[in-house]
Every structure is written in structure tokens, then in C-alpha cells.
Amino acid sequence: MSGHGHSHGCGGHDDHDHITDAEKAAAYSLFLKIDTQRVECLNEAVDGSGKDVFKPWDKRLDKEKFVESDADEELLFNIPFTGSVKLKGIIVIGGEEDTQPNLMRIYKNRPNMTFDACGAEPDQMFELHPDPTGALEYSTKVARFNSVEHLSIHFPSNFGADNTKVYYIGLRGDFTEVHRHEVTICNYEARANPADHKTNILDNVNQQIS
């Protein structure tokens with residue numbers, strides 16, 4: 001994909017110096033709308049560490065919590081939200097030296113992605129630059145990332161290390177609650193009818209549907 005969509009170097013970022021920390025913290029609060037218990041990170045060296053990179057803005061420089069890849073340099077995050085998101089921007093603080101990812105591929109509404117599925121064309125791709133303080137935002141094509149209920153982020157490579165490390169992923173955008181209609185399962189009790197007593201037609205009515 002030409003250009004890779006990394007608009008962080010021109011436009012939209014020159015005014016960051018005028019934004020207060022409180023405003024930045026509010027802008028990057030989408031991590032609160034992630035269904036954290038269902039976050040999945042493939043190829044993480046420590047089980048469950050992938051979800052630790054989604055944290056408050058003021059904790060972005062915390063080096064105690066991070067995710068590191070295991071078998072090779074690839075990492076794949078499957079991120080479900082608790083509602084619908086209009087995704088506008090992403091910040092990535094990677095590891096030291098060559099462990100910083102150098103490419104990011106993002107996919108909209110493709111739950112449970114695997115590395116094999118990453119062969120598909122991403123919805124957007126970015127060339128990443130070392131950013132130890134979270135100063136660079138990668139702006140998404142907002143029209144394409146409207147109504148996002150699940151986001152997958154694939155880091156296929158880094159700057160040359162055997163393993164990739166990520167300290168922080170910040171997500172900026174708008175959140176909308178999704179009101180889903182609950183499915184009501186009604187159990188009907190048979191009327192006392194002697195003719196029905198010799199059949200088993202209603203035996204399974206009260207079984208739970210899993």
C-alpha cells in the first residue's frame with residue numbers, strides 16, 4: 001500500500017506542544033473501552049502480558065509492564081471493544097534499540113485473527129519510527145475505521161533484533177455504547193394432557209443452550 005498512511009510527520013502533530021497532559025490523557029482513554037479479559041496477544045513470551053501495554057497515558061513510560069515476542073519478532077494483538085469505536089489515531093512506544101517494531105498492520109472487525117490470516121491485505125499499514133516518549137501519532141483513515149468493534153494489530157518485524165518489545169499502545173477515537181438485543185429463550189410447560197404423557201416430545205425444552 002503506497003504511503004503506508006503514516007501522516008505523523010506532516011500535519012496534525014505540530015500542535016502537540018499546546019495540548020496539556022490532561023487533554024492528552026482524555027484523548028487516549030480508549031483503553032478503558034477495551035474488553036481486557038478477552039484481549040489476545042499471539043507469540044507473547046509471557047502469557048497475558050499483551051494486555052499490559054494498554055494503559056493510561058501517564059503510565060506510558062512505565063517500563064515495568066511490557067510485552068515481548070517469543071519465537072520470533074512477530075506480535076499479533078486481537079483487541080475487542082465493549083462498544084463501537086471510531087478509531088482516529090494510534091501511538092506505539094516500542095522497546096530499546098532494535099526491538100522497536102518497524103511496521104504496523106491493522107485490521108478492522110476480524111476477531112480471532114491468526115498469523116496465517118495476516119497474509120490478507122490490511123485495512124491500513126504504517127511504517128513505524130522509534131518513539132520512546134509517545135510523541136508520534138499514526139493517523140488512521142477515519143472513514144475506514146468507523147464502527148470498529150474489534151481491532152487487530154500486527155507487528156510483523158522490527159529494526160533487526162530477534163525479538164520485538166512494546167511498552168505502550170495508545171488508541172484515540174470516539175466510543176459509542178452498543179445496545180444489543182438479548183435473545184430470550186422461553187420454556188413452555190405442557191398442559192396436563194393424558195395424551196402427552198406417553199411422549200417425550202418436550203423432554204429437552206428446559207435444557208440450557210450454551
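For reference, positions follow the sequence shown, starting with 1.
Under the 4.5 Å side-chain heavy-atom criterion for grouping Ile, Leu, Val, Met, Phe, Trp and Tyr, L136 is not connected to F159 through any hydrophobic cluster. Hydrophobic clustering places F175 together with F54 (ILVMFWY residues linked when any side-chain heavy atoms are closer than 4.5 Å, directly or through intermediates).
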Should L76 and M113 be marked as a side-chain contact (heavy atoms from CB on, under 4.5 Å) after you check the CA-CA gap, both sets of side-chain angles, and the distance that decides it?
CA-CA 8 Å; L76 173 61; M113 279 194 70; 4.2 Å; yes
Output, in order, the C-alpha distance, side-chain angles, deciding distance and verdict of side-chain contact (heavy atoms from CB on, under 4.5 Å) for I90 and V92.
CA-CA 7 Å; I90 303 175; V92 179; 4.0 Å; yes
In sequence, state the C-alpha distance, the side-chain angles, and the governing distance for D123 and R110, and then conclude on salt bridge (Lys or Arg N to Asp or Glu O under 4.0 Å).
CA-CA 11 Å; D123 292 298; R110 305 191 201 185; 3.7 Å; yes
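With E44 contributing its side chain and S69 its backbone, the two residues share no donor-acceptor pair below 3.5 Å. A donor-acceptor distance shorter than 3.5 angstrom exists from the side chain of R105 to the backbone of C118, with no hydrogens or angles considered. Of the possible polar contacts, none joining the D131 side chain to the I93 backbone as a donor-acceptor pair under 3.5 Å is found. The backbone N or O of P132 lies less than 3.5 Å from no partner atom in the side chain of Y167, so there is not a single donor-acceptor pair. For the pair N78 (side chain) and E40 (backbone), a donor-acceptor distance under 3.5 Å is absent. Remark: side-chain polar atoms of T164 are paired, donor with acceptor, to backbone N or O of E73 under 3.5 angstrom. Side-chain atoms of K108 come within 3.5 Å of backbone N or O of N146 as a donor-acceptor pair. The main-chain N or O of T82 is never found under 3.5 Å from a side-chain atom of E149 such that the two would form a donor-acceptor pair.
For the pair K165 and F66, the distance from NZ or CZ to the six-membered ring centre is under 6.0 Å and the angle to the ring normal is within 45 degrees. By the 6.0 Å and 45° rule, K88 does not stack over the aromatic ring of F145.
A salt bridge does not link K24 with D58: every distance from a Lys NZ or Arg NE/NH1/NH2 to an Asp or Glu carboxylate oxygen is 4.0 Å or more. Between D62 and K59 there is no salt bridge, since none of the side-chain N atoms of the basic residue sits less than 4.0 Å from a carboxylate O of the acidic one.
A pairwise comparison of heavy atoms in K55 and F31 identifies O-CD2, 3.8 Å as the closest pair. Here the closest heavy-atom approach between residue I79 and residue I153 is recorded as CD1-CD1, 3.7 Å. The minimum heavy-atom distance linking S139 with F126 is given by the pair O-CE2, 3.4 Å. When every heavy atom of S157 is checked against every heavy atom of N102, the shortest pair comes out as OG-OD1, 2.6 Å. Smallest separation of non-hydrogen atoms from L75 and F115: C-CE2, 4.1 Å. Summarising the geometry of G94 relative to P101, their closest heavy-atom pair is CA-CD, 4.1 Å, with the distance given to 0.1 Å.
The shortest distance between side-chain heavy atoms of L151 and I34 does not fall below 4.5 Å. With a 4.5 Å cut-off on side-chain heavy atoms, H154 and I106 do not count as touching. Looking at D162 and D72, their side chains never come closer than 4.5 Å, going by heavy atoms from C-beta outward.
The aromatic rings of W57 and Y28 lie parallel to each other, with less than 30° between the two planes, well short of the 60° mark.
Between N163 and D70, the side chains place no donor N or O within less than 3.5 Å of an acceptor N or O (distance only, hydrogens not considered).
Annotation for E97: atom CD does not count as buried by contact number, only 12 or fewer foreign heavy atoms lying within 6.0 Å.
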